[in-house]
Amino acid sequence: MTGRSKDWELEEKRLYDVHEQIHKKMEQLSENVGDLKEGIIGLRKTFWDDVTVNLDDAHEVGETFTSIKQQTELLSERERTHKQAYDQMRKLLKLKDSAYFGRIDFLEVGESKEEEVYVGIASLMDEKDEDFLVYDWRAPISSLYYNYSPGKARYEVPSEVIEGEVTLKRQYIIDHGKLKSMFDTGVTIGDDLLQEVLSNNANTEMKNIVATIQKEQNEIIRNEKSRFLFVQGVAGSGKTSAALQRVAYLLYTYRKSLTADNIMLFSPNLLFNSYISTVLPELGEENMKQMTFQSYLEERIGSDYHLEDPFTQMEYLYTARGESDYELRLKSIQFKSSIQFRKYIDEYLTLLSKEMLLFHPLYFRGELFISEEEIEKYFYELDASLPISNRMNLLVEWLLLEVKKLEKRERRKDWPIEESELLDKEDYLEAYRQSQKGGRHKEDTFDDFDREEKVLVKMIVKKHLLPLKKAIKGYRFLAIKAMYRQLFTSEVTHKLCADGLPKEWNDVADITVRNLDKESLYYEDATAFLYLRDQLEGKKTYTTIKHVLIDEAQDYSLFQFEYLKQLFPHSRMTILGDLNQAIYAHSIGGETLLSHRESDLEKIQQITLLKSYRSTQQIVHFSKGLIDGGEHIIPFNRSGSLPTLTVVESDMMLKKQITLCAEQLIRKGNKTIAILCKTEKESEEAYHLFKNELDVHLLNKDSHTYKEGILIMPAYLSKGIEFDAVIIYNASNTEYEHDLERRLFYTACTRAMHELHIYSLGKPTNFFKHVERGSYSQR
């Protein structure tokens, strides 16, 4: 419906009226914001003028602090009000550009007249703040727009279910305040609107999808019942977008009890964090906490060990095939990623509760304070029925009591007096200031030499003991590395789980110990190491996090997921991924987080997304032939050119052909073009090949952001991101041969929105044998 019909004229009139309301609200808000800003500036300038300061006696001091508190609270309240007004202005600016994108006419049972429900990115009330001109897309009534075609419909509010009938469903494209198109539709989101959105260029930042949310995506967004929501979605199915809209929905629905600080996202890499960073702010919400699993590991153990990251592990797997330890390392990764390995550690912990715990001795000023034998003796004399972590707490308490005894002994020695004589003026004044804090005893003053010496000695000894106290509270007396090493070297531990260990166990143990002795941890060891440590010291938990999102969940091993459940024991989880993009070694022939379901995981719901929206029909048709089960993938009806395969016989021809292709793509208006390589090493080689021919940007695992243009990167870093066009750098059979590489190749191909061009130096990968010949053109 694009002509100048009566409906069109009425919709234009309504849009004009809504814009008038927005304009009035913005003018009023501008005046209020200006007044508030001036008031805040004035309060800051006159803050101390309006505070009664009198520190002469205790009573006046109390009044002074009360006066400061009142003035601070007044300033804070004004600043909060100013921020709310600023946020409201930002929302109005968005509505001014595109006031709404959908409309539902709903006739509620028992009513005689339909309600016209206009759905937009945020709510807008009329001039009297009595009626909604626009409903926020997250409001309960807005679910009608996403869930129903014209006909019988219902939606839930907190206390009841509202039933009725949808009599009209209409969608709009509004840009810069002007009505560009509108469509009446009988499906959730009409193809016309989706075509308009999906035909645009890719961006360096993910877009919100509130105007084009599909019914199955809406089911993800509004799910409130499941503790564990598993989303298995094919490449380009919008699972990550839906998850981010889900966060916005939860923040809106539970705004009195949930903030962005209560939500944690585990993302695949730093580049992805940047890519999604604008989605929530665009919807008027603050960004949730974000981290990679690797950054968590680094935070916990990175200062003590050189910790391998998952990308280095992957580089090894894709480049070291044929080396002597390759197959052994593969077995090591697979076993250490399994639940069986966690059970082995649990058996080991049962043993440690009775014997074999290892400790470090504690020293003070180079002299033995408490030996490892004394620590061990005290621990095993504690009640054996208590968990190890509880006994460790009692051990810490005992050690700190021993430190107090040590402190008293050290004060009677000569070294603190000798050190006090070497204090410079600043240290002496600082010591005096410290002595005045915290209501010290009368004798702790500097009235005469003896008292002065006593205070200084006490402070010097205390200062020197601080590192020892810190080490005890941080469980540094526990020989964690030695105990993890013992897991692989002790014949006693080997017997614990002999039937469950791989036949290569002795060799696996050998390469693990060799790496440990270099103060290094393989990536597959890091989770197990932390699990052992946390079971001994006491589980680390994040009780303020109420919801966890795990993206690219197929990258997580079962052991890692069990560990995450331990870290966030009270959290709901939204778990998103695609088994066809499982490119880590632990997924070879084994179970991944997405393929495994534990019987004790209560309240699980799984949603499968099979429709791919990112790529053209031609790209989806080609790429789904690369994987098992690809026939189930449904492409969205958006046409484009066939993917191409170009075989070249020399590096010079590869350079020439890709350069010509990239230049042509730029001329066509493509904004983001990715040259995807198999590894970081290959990406660096490609960058040096093209840097004098093209304006290219090299991205690696440390890259945080990227700009429009021609990008060169390893394919595994492109997960979750989309580009206008993708060039596969070298799809030869020597590069892409094995099953793990098949999934990497599929991942790379499915990043393309509009065009896919594949180059091969020599014979192309045998994966093409599984693809329909007519689904690509060979040059």
Side-chain angles (χ1 to χ4, degrees), residues 202-207 239-241 243-244 247 260-261 263-282 286-303 305-318 521 523 526-527 542 545 548-557 560 564 567 574-578 581 583-584 672 674-684 686-687 696-723 726 744 747-748 751:
N203 204 307
T204 57
E205 295 166 340
M206 181 179 277
K207 308 161 191 170
K239 51 188 176 293
T240 301
S241 294
L244 294 174
V247 171
D261 288 336
I263 302 176
M264 173 75 78
L265 167 67
F266 281 92
S267 60
N269 53 58
L270 300 174
L271 201 59
F272 182 84
N273 284 350
S274 170
Y275 181 62
I276 66 169
S277 62
T278 61
V279 174
L280 287 171
E282 195 176 306
E286 293 183 9
N287 265 321
M288 74 211 106
K289 294 181 177 181
Q290 296 178 40
M291 67 165 57
T292 63
F293 191 64
Q294 177 67 15
S295 65
Y296 174 77
L297 296 175
E298 290 282 359
E299 184 182 302
R300 292 287 310 277
I301 53 180
S303 59
Y305 301 92
H306 175 264
L307 182 59
E308 181 188 53
D309 61 66
F311 308 116
T312 302
Q313 184 198 79
M314 203 178 308
E315 287 284 322
Y316 174 81
L317 290 167
Y318 287 137
L521 278 175
Y523 179 64
T527 303
Y542 292 81
I545 299 298
V548 174
L549 291 92
I550 303 174
D551 205 354
E552 302 296 342
Q554 72 280 351
D555 295 348
Y556 291 77
S557 70
Q560 288 172 334
L564 285 172
L567 288 179
T574 301
I575 299 154
L576 319 141
D578 179 11
Q581 297 180 63
I583 60 175
Y584 283 84
T672 55
I675 300 175
L676 298 183
C677 303
K678 181 180 172 184
T679 62
E680 186 173 325
K681 180 183 177 184
E682 189 178 70
S683 299
E684 290 170 354
Y687 175 73
V696 293
H697 308 279
L698 177 64
L699 302 179
N700 57 34
K701 64 186 179 183
D702 297 318
S703 300
H704 288 68
T705 59
Y706 69 94
K707 300 176 182 178
E708 291 181 349
I710 304 171
L711 313 166
I712 299 177
M713 70 177 83
Y716 55 75
L717 283 184
S718 67
K719 294 176 77 169
I721 305 175
E722 60 190 22
F723 309 95
V726 165
L744 183 67
T747 300
R751 301 307 95 199

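These numbers were taken from a predicted model, which means no experiment stands behind them.
- In this structure, the side chains of His704 and Asn273 stay at 4.5 Å or more apart for every pair of heavy atoms.
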Applying side chain to side chain contact (heavy atoms under 4.5 Å, CB included), run through Ile276 and Asp551 and close with a yes or a no.
CA-CA 12 Å; Ile276 66 169; Asp551 205 354; over 6 Å; no
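- Side-chain atoms of Gln554 come within 3.5 Å of backbone atoms of Asp578 as a donor-acceptor pair (strictly under, hydrogens ignored).
- Listed by chain and number, the residues in a ring pair (Phe, Tyr, Trp, His ring centres under 6.0 Å) with Phe311 are Tyr716 (sequence neighbours excluded).
- Taking all atoms of both residues into account, the shortest heavy-atom contact from Gln290 to Met264 is N-SD, 4.4 Å.
- Considering NZ of Lys678 and CG of Leu744, their distance stands at 8.0 Å, rounded to 0.5 Å.
- Using a 4.5 Å cut-off on side-chain heavy atoms (C-beta onward), Phe293 and Ile550 make no contact.
- Counting heavy atoms from C-beta outward, Gln294 and Tyr523 have side chains that approach closer than 4.5 Å.
- Residues Ser557 and Gln560 come closest through the heavy atom pair N-OE1, 2.9 Å.
- Between Tyr275 and Glu722 the shortest side-chain heavy-atom distance falls below 4.5 Å.
- Take Lys719 and apply the salt bridge (charged side-chain N to carboxylate O under 4.0 Å, His left out) test, not counting sequence neighbours, and it matches Glu552, Asp555.
- Residue Ser683 comes nearest to Pro714 through the heavy atom pair OG-N, 3.1 Å, listed as atom of the first residue, atom of the second, then distance.
- The distance from the OG atom of Ser277 to the CD atom of Glu282 is 10.5 Å, given to the nearest 0.5 Å.
- To the nearest 0.5 Å, the span separating OG on Ser718 from CZ on Phe272 amounts to 11.5 Å.
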Verdict with reasoning, Arg751 to Ile721, per side chain to side chain contact (heavy atoms under 4.5 Å, CB included)
CA-CA 7 Å; Arg751 301 307 95 199; Ile721 305 175; 5.5 Å; no
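- The nearest pair of heavy atoms linking Ala748 to Leu676 is O-CD1, 3.6 Å.
- Considering CG of Asp261 and NZ of Lys289, their distance stands at 5.0 Å, rounded to 0.5 Å.
- Side-chain atoms of Arg300 never come within 3.5 Å of backbone atoms of Tyr296 as a donor-acceptor pair (strictly under, hydrogens ignored).
- In this structure Tyr584 satisfies the ring pair (Phe, Tyr, Trp, His ring centres under 6.0 Å) test with no other residue, sequence neighbours excluded.
- With values rounded to the nearest 0.5 angstrom, Leu271 atom CG is found 11.0 Å from Asp702 atom CG.
- Residues passing the side chain to side chain contact (heavy atoms under 4.5 Å, CB included) test with Ala686, sequence neighbours excluded: Cys677, Phe690, Ile712, Tyr729.
- Judged as a ring pair (Phe, Tyr, Trp, His ring centres under 6.0 Å), and not counting sequence neighbours, the contacts of Tyr305 are Phe529.
- Closest heavy-atom contact between Ser267 and Tyr556: O-OH, 4.3 Å.
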Please walk me through it: do Leu564 and Val548 pass side chain to side chain contact (heavy atoms under 4.5 Å, CB included)?
CA-CA 9 Å; Leu564 285 172; Val548 174; over 6 Å; no
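- Within the structure, salt bridge (Lys or Arg N to Asp or Glu O under 4.0 Å) contacts touching residues 305-315 (residues at least two apart or in different chains) are Glu308-Arg329, Asp309-Lys701.
- The two atoms that bring Thr292 and Leu270 nearest to each other are CG2-N, 4.3 Å, heavy atoms only.
- A distance of 7.0 Å separates NE2 in His306 from OG1 in Thr312, rounded to the nearest 0.5 Å.
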